[in-house]
Amino acid sequence: MTVMDDWVTAACTELELDPAGVPVQAVLDLARDVAHQVLRPGAPVTAYLLGLAVGRGADPADAAARLSALAGTWPVDLGADPANPTAP
């Protein structure tokens, strides 16, 4: 087992969830896509939104793929300040 496996198992136990139903790689891929193509702080927020959608019945793989595709089409803001990525 990896540290990630151990963490997911412990977190699932804490939340009374089945760790077998956690699409770890899909969530990691989605977070990577959002962090690199949209905005770094958007990665955990997007993972949370994915969780909300799945909690409401969305298919995890489909929802993650749709969000990754959206991130892939997100326009690059050439005027963004990398030192302050959340600034308007």
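All figures in this text were calculated on a predicted structure; none of them were measured in a lab.
Judged by distance alone, the side chain of Thr9 and the main-chain N or O of Asp6 form no donor-acceptor pair under 3.5 Å.
Between the CG atom in Leu70 and the CG atom in Asp33 there is a gap of 11.0 Å [rounded to 0.5 Å]. Of the inter-residue distances, the one linking Arg32 atom CZ with Leu28 atom CG reads 9.0 Å to the nearest 0.5 angstrom. Atom CH2 of residue Trp74 and atom CG of residue Leu39 lie 10.0 Å apart, to the nearest 0.5 angstrom. Within the model, atoms CG of Leu30 and CZ of Arg66 stand 12.0 Å from one another, a figure rounded to the nearest 0.5 Å.
Minimum heavy-atom separation, Gly21 to Pro23: O-CD, 3.3 Å. In plain terms, the two heavy atoms of Asp59 and Asp62 that are nearest each other are OD2-N, 2.8 Å.
Contact check for Cys12 versus Asp18: no side-chain heavy atoms found under the 4.5 Å cut-off. Proximity of Leu67 to Leu50: side-chain heavy atoms (C-beta onward) are separated by under 4.5 Å at one or more points.
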>> Using side chain to side chain donor-acceptor pair (under 3.5 Å), reason through Thr2 and Asp5 one step at a time and then give a plain yes or no.
In response: CA-CA 5 Å; Thr2 67; Asp5 294 332; 3.2 Å; yes

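Applying the under-4.5 Å side-chain rule to Ile, Leu, Val, Met, Phe, Trp and Tyr, the cluster around Leu17 extends to Leu15.
Leu52 and Val45 fall within a single hydrophobic cluster, where Ile, Leu, Val, Met, Phe, Trp and Tyr are joined by side-chain heavy atoms under 4.5 Å apart, directly or via other members.
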